[in-house]
Structures are given as C-alpha cells and as structure tokens.
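Worksheet for the structure shown next.
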Amino acid sequence: MTHYKSDFLNTLSQRGYIHQCSDFEGLDALAAQRKVVSYIGFDCTAPSLHVGSLVQIMLLHWLQQTGNTPIVLMGGGTTRVGDPSGRDESRKILSLEDIENNKHGIQQVFAKFLKFGHGPGDARMTDNAEWLTRLNWIEMLRDVGKHFSVNRMLAMDSVKLRLDREHELSFIEFNYMVLQAYDFVELAKRHGTNLQMGGSDQWGNIVNGIDLGRRMGTHQLYALTSPLITLSSGAKMGKTAAGAVWLNADMRSPYEYWQFWRNTEDADVGRFLKLFTTLPLDEIARLEKLAGAEINEAKKVLANEATALLHGHAAAAEAAETARKTFEEGAAGAALPTVNVDLGAGIGILQALVAAGLASSNGDAKRSIAGGAIKVNDEAVSNDKLMLDKSTLNADGAIKLSMGKKKHVLLKQA
RNA sequence: GGGAGAGUGUCCCGAGUGGCAAAGGGGGGGGACUGUAAAUCCCCUGCUUUACGGCUUCGUAGGUUCGAGUCCUACCUCUCCCA
C-alpha cells in the first residue's frame with residue numbers, strides 16, 4: 001500500500017476510500033500541512049440521504065479527523081436542474097417547495113458525523129442556491145460558458161450514455177456539469193476550497209471544475225473520488241425490499257438500520273468495517289479473520305458501530321438488545337416496530353398484516369399465509385380468517401406478528 | 001413543417017397479436033438447507049370479506065367487434081432521418 005505523508009490520504013487509502021485522484025502528490029502535500037478545505041455536494045432529491053451517501057459523509061468525517069476542513073454543500077440550486085450522471089432517464093423536476101423540505105431533512109444528519117462551528121477546522125455548511133440563483137444568463141455565458149467546449153461535454157460519460165442509447169438529454173440537464181464546475185470555483189473563492197470529493201461517477205464533473213478554476217485563475221484545485229460501493233453479489237448498496245436504507249430515524253428506525261448492517265454478506269464484512277465504522281484497522285483485521293459462524297460476531301460489531309455513528313450508542317445498544325431477544329431468545333424486543341390497532345372489536349389476520357406493513361393487500365397477506373410465512377406469537381398461521389383480539393395479547397401485552405424469520409411487528413391496543 | 005419508429009403487468013427489461021389477468025427474465029417476498037451470510041432447490045409476485053365470480057390493467061380518449069394489448073380514428077410523449 002502506498003505511503004503518504006499526510007494522515008488524511010493514508011487513512012483514506014488504508015480504509016479503501018480512494019478510487020481516483022487528480023494529483024496525489026500535490027494533495028498529499030497540502031493535507032500534510034492540514035490545509036485541505038474540501039467539499040462534497042449533496043443534491044436535495046429526497047427527504048433523507050440513504051446509505052449510498054454514507055461513503056461521502058465518511059470522507060468528510062475523516063477529512064476533519066485528520067485536521068482538515070470539511071464543507072457540506074447542499075445542492076439547493078443544482079437540484080433545481082438535476083444531475084444526469086448515471087441515469088438514462090431525466091430526473092423529474094422537483095418543485096422548489098420539495099427541494100426546500102428535502103434540504104431540511106438532509107441537513108440534520110451531518111451533525112452526527114461532523115463538528116460544525118466557526119473556528120479553524122470546524123465544518124461549514126452552505127447551499128449553492130446562494131449563488132446559482134443569482135446568476136445572470138448573459139454574464140454567465142461570457143464569464144463561464146466561454147471556457148466550456150461542447151465537443152468535450154458531448155464526450156463525457158454522463159452525456160454520452162444518453163446519446164448512445166438514444167435517450168433524451170434536455171438542455172437543462174446538459175447544464176448541470178457547468179453549474180457543478182462553477183460551484184467548485186465559487187467555493188474556492190468564498191471558502192478557499194481546494195478539493196472536491198465525490199463518488200466515482202462524479203469524476204468528470206469534478207475535473208471540469210478543476211479546469212474551469214485554472215481558466216478563471218483560482219488556486220490549484222484537486223479531485224478525489226471514492227469507489228462505487230457494491231455488494232459482493234453485485235447489487236447496488238442501500239436498496240432493500242422496503243426501499244432505500246434511509247439515514248433519518250423517522251424514515252428508518254435505528255433497529256431497522258442495525259438489521260441492515262447485521263445482514264451484511266460475509267464477503268463484505270471487512271470492507272464495510274473499514275468504510276462504515278471508525279474502528280482501528282488492527283481491530284478490523286482481527287474481526288476479518290473470523291470465519292464460518294464466528295463471522296456473525298464481526299457483523300454484530302459492524303451493526304453496533306455503524307448504528308452508533310448515526311444514531312448514538314444508546315440507540316445502537318437498544319437495537320442490539322432487541323435483536324438478541326428476538327433472534328437468540330425468540331422473544332420480542334422493545335425496539336421492534338410497533339403498530340397500534342383497535343383490538344376491542346377484534347381484527348382479522350389479513351387486515352392486521354396489512355396494518356403492520358407486512359403485506360401490501362389482503363391478497364398479498366393471504367398468499368403469505370398460504371406460503372407458510374406468517375406467525376402470530378410464534379405460532380404458524382394457516383387459517384386466513386383468524387381473528388385477533390385482546391385474548392391474543394401475549395404476556396407482554398402485545399401481539400407479535402412475524403413474517404418469515406426476520407420481520408417482526410408488535411401489535412398493541414390503540 | 002415532412003418522413004420513419006416507439007410507449008405492455010405503476011420496480012425494471014421484455015414477448016405477444018382478435019379469446020389475455022397477458023410468455024420469459026431480472027429484482028423482490030416466502031419455504032427448504034444454514035450462521036439473521038452466500039450458493040442451490042421449490043413456491044409466490046393485479047385488486048376484491050369465500051370464489052371455476054366480480055372488477056381493474058398494455059401512453060390518453062373515442063370507435064369497429066359477441067369479444068381489443070392486438071384492428072380503425074384523433075390526441076399526448078419520446079427517438080431517429082429530412083427541412
């Protein structure tokens with residue numbers, strides 16, 4: 001493994017965060033003096049970030065831990081345009097209201113990973129709507145547009161993909177890369193930013209920013225990208241049956257988040273420990289050596305650490321305890337998802353399953369029962385007309401509804 | 001403006017052509033085997049208070065027909081070629 005002078009690059013490289021860099025030596029020299037001011041942009045396309053953005057968040061985290069300055073850029077402006085990278089369909093254009101709401105949802109999560117403030121080394125947050133929405137079209141064309149070669153833009157992957165597949169690329173999207181490049185330059189001027197990081201799909205956009213900076217006379221800018229994290233099975237990370245693994249607790253509870261990590265594939269455990277926890281590398285090396293059933297211990301550590309980073313130690317411990325009770329004792333832990341229903345009049349099993357979110361319709365619920373997937377208080381159900389009422393409550397005052405081995409929901413009297 | 005083509009099960013890709021709740025994949029869920037893993041095998045993957053019943057689905061709206069995803073008309077959206 002390459003040795004760098006800076007803690008920053010050493011840490012990143014040892015933990016597997018580096019995919020490409022525009023100039024390792026130059027960046028290393030800056031980082032060794034703790035003079036890196038780096039930003040990552042997050043577009044406001046959803047009310048919460050999901051685990052797919054976690055690598056980027058961790059990049060900022062390590063940047064700060066190694067003495068440099070992170071900047072979180074909210075894409076309040078760029079989201080109005082829509083990044084075409086890696087998509088063969090246009091994003092739908094979001095309303096300004098949605099963007100604003102999404103932004104508020106996304107912002108919260110950064111405080112868990114970064115220390116914000118106004119002192120040296122403290123993280124800042126800014127929003128590119130601040131400058132992008134004030135741009136004047138003609139000025140923009142003269143000052144910035146003249147530096148962009150359409151020939152080159154057409155050759156960029158994000159554009160080429162659309163053209164090759166004969167999918168539409170609207171002019172608004174075509175401009176995204178110009179805005180992102182401009183952001184980099186603007187941040188260089190405003191905050192002395194000298195590095196932009198991002199996922200490997202952002203490489204082209206970031207390098208454009210470096211070019212623009214040179215032409216517009218900023219200090220030297222750098223690019224660093226992280227690899228796209230896929231599961232060993234090849235699937236994209238962060239999508240499960242129930243949708244994306246959101247980071248905000250109101251969209252995905254700490255228990256469910258813990259479960260996500262607990263269910264990591266064997267082959268991914270070591271890599272994920274490095275990327276998504278802050279455990280020391282020698283400790284990770286030890287955990288990685290566990291084989292066979294013992295690797296479950298490593299998965300628990302991964303789940304605990306990753307959950308603690310996001311939701312705090314208390315929530316992680318509660319999730320772990322609930323998992324232990326539920327899976328190792330077969331009981332029901334307190335942090336299981338809970339749904340309140342009126343049991344006074346009784347409720348049919350089908351409706352109960354739908355209410356609990358374990359089935360999308362009565363028909364779906366019926367199929368699950370026919371397939372032997374459903375248990376009530378750990379007893380298999382074969383009758384889809386079963387009624388649940390207060391007499392079904394177990395000793396803890398709840399009805400434990402299970403679908404398969406992993407999904408459990410507690411029903412309680414409303 | 002002229003010409004050619006496309007839009008299918010609301011997760012995706014895709015066959016289909018007068019009898020269709022509509023082939024096949026992928027993805028997803030469940031079961032078996034396990035270690036809350038992977039791989040493998042099996043089942044399921046439109047709604048509906050039983051259903052060989054009813055209803056809703058193939059871009060939208062009409063029409064022909066006993067019957068339309070399939071034929072006709074208009075419209076919408078997208079792609080390509082020419083201007």
- Item | Rounded distance in Å between the P positions of B:rU70 and B:rU57 | 13 Å
- Note on the structure: When A:E328 and A:G404 are each assigned the nearest nucleotide of RNA chain B, the 5'-most assignment goes to A:G404
- Give the nucleotide from the list B:rG29, B:rC47, B:rG35 with an atom nearest to the side chain of A:K407. B:rG29
- Would you please confirm or rule out a distance under 4.0 Å between OP1 or OP2 of B:rG29 and any side-chain N or O of A:K405? no
- Residue pair A:N304 / A:W258, side-chain donor-acceptor N/O under 3.5 Å: yes
- Between B:rG7 and B:rC58 - C1' atom distance, rounded Å: 10 Å
- Message: Any base atoms under 4.0 Å from A:I374, or only sugar-phosphate, or nothing? Heavy atoms, all strands.
- Response: nothing
- Query: With both distances under 3.5 angstrom, what nucleotide forms a Watson-Crick or G-U wobble pair with B:rG5?
  - Reply: B:rC78
- Note on the structure: Here the distance between atom P of B:rA37 and atom CG of A:L287, to the nearest Å, is 19 Å
- Rounding to the closest angstrom, what is the interatomic distance between B:rG27 and B:rU36 at atom P? 24 Å
- Item | A:M403 side-chain proximity, nearest of B:rU48, B:rG30, B:rA37 | B:rG30
- Item | A:K299 NZ to B:rU36 C1', straight-line distance once rounded to whole Å | 8 Å
- Task: Just call it for A:A323: base, sugar-phosphate, or nothing, with non-hydrogen atoms closer than 4.0 Å on any strand.
- Result: base
- State, without any angle test, whether A:S360 and A:D364 hold a side-chain donor-acceptor pair at a distance under 3.5 Å. yes
- Task: Measure from the side-chain heavy atoms of A:K366 and tell me the nearest of B:rG30, B:rA37, B:rU50.
- Result: B:rU50
- Task: Mind calculating the distance between CZ (A:R262) and C1' (B:rA37) to the nearest angstrom?
- Result: 8 Å
For residues 339-358 of chain A, tabulate all N or O donor-acceptor pairs below 3.5 Å that involve a side-chain atom, not counting sequence neighbours.
from: A:D342; atom 1: OD1; to: A:G344; atom 2: N; distance (Å): 3.1
from: A:D342; atom 1: OD1; to: A:Q413; atom 2: NE2; distance (Å): 3.1

- Message: By the rule that syn is within 90° of 0, classify the base conformation of B:rC42 as syn or anti.
- Response: anti
- Item | Who pairs with B:rG62 - Watson-Crick or G-U, where each distance is under 3.5 Å | B:rC72
- Task: Nearest whole angstrom, please: distance from the C1' of B:rU50 to the CD1 of A:I369.
- Result: 14 Å
- Query: Which part of the nucleic acid does A:G348 contact within heavy-atom distance under 4.0 Å: base, sugar-phosphate only, or nothing?
  - Reply: nothing
- Note on the structure: Residues passing the side chain to side chain donor-acceptor pair (under 3.5 Å) test with A:E100, sequence neighbours excluded, are A:H104
- Does any nucleotide pair with B:rG53 by Watson-Crick or G-U wobble geometry, both distances under 3.5 Å, and what is it? B:rU48
- Counterpart residues, ring-ring contact (aromatic ring centres under 6.0 Å, His included), relative to A:H61 (two or more places apart): none
- Please tell me which of A:K300 and A:G372 maps to the more 5' nucleotide of RNA chain B, matching each residue to the nucleotide holding its nearest heavy atom. A:G372
- Message: For B:rA37 and A:N296 - does any side-chain N or O of the residue sit under 4.0 Å from the phosphate oxygens OP1/OP2?
- Response: no
- Quick one: look up who B:rU40 pairs with, Watson-Crick or G-U, both distances under 3.5 Å, and put none if it's unpaired. B:rA32
- Message: I'd like to check the ring-ring contact (aromatic ring centres under 6.0 Å, His included) partners of A:H147; sequence neighbours left out, ordered by chain and number.
- Response: none
- Candidates A:T264, A:D268, A:D266 - the one meeting side-chain hydrogen bond (donor to acceptor under 3.5 Å, both in side chains) with A:K299: A:D266
- Message: Can you identify which nucleotide, out of B:rU36, B:rA32, B:rA37, has its nearest atom closest to the A:W258 side chain?
- Response: B:rU36
- Message: Mind checking if A:D364 touches a base, just sugar-phosphate, or nothing, with heavy atoms under 4.0 Å?
- Response: nothing
- Item | Separation of the C1' atoms in B:rU48 and B:rU56, to the nearest angstrom | 10 Å
- Task: Considering only atom P, compute the distance from B:rG67 to B:rC55 and round it to an integer number of Å.
- Result: 15 Å
- Same-atom distance (P) from B:rU49 to B:rG16, integer angstrom: 36 Å
- Task: Report the distance from atom CG of A:L302 to atom P of B:rG35, rounded to the nearest whole Å.
- Result: 21 Å
- Distance between C1' atoms of B:rA22 and B:rC41 (Å, rounded): 28 Å
- Residues A:D183 and A:W131: side-chain donor-acceptor under 3.5 angstrom: yes
- Message: Under 4.0 Å, heavy atoms only, any strand: does A:S361 hit a base, just the sugar-phosphate, or nothing?
- Response: sugar-phosphate
- Query: Do you see a donor-acceptor pair shorter than 3.5 Å between the side chains of A:Y39 and A:N194?
  - Reply: no
- Starting at atom CG of A:N263, determine the distance to atom C1' of B:rG29, rounded to an integer number of angstrom. 14 Å
- Looking at the side chain of A:E265, which of B:rU36, B:rA37, B:rG35 is the nearest nucleotide? B:rA37
- Item | Residues within residues 349-360 of chain A bordering RNA chain B, heavy-atom distance below 4.0 Å | none
- Task: Round to the nearest Å and state the distance from A:K406 atom NZ to B:rG31 atom P.
- Result: 10 Å
- Return the value, rounded to whole Å, for the distance between atom NZ of A:K325 and atom C1' of B:rU36. 18 Å
- Query: Taking atom C1' in both B:rC44 and B:rA21, what distance in whole Å separates the two?
  - Reply: 16 Å
- Message: As a test of reading the structure: which of B:rU36, B:rA37, B:rU45 is closest to the side chain of A:Q259, going by heavy atoms?
- Response: B:rU36
- Note on the structure: A:F8 meets the ring-ring contact (aromatic ring centres under 6.0 Å, His included) criterion, sequence neighbours left out, with none
- Message: From C-beta outward on A:R367, which listed nucleotide comes closest to its side chain: B:rG35, B:rC44, B:rG31?
- Response: B:rC44
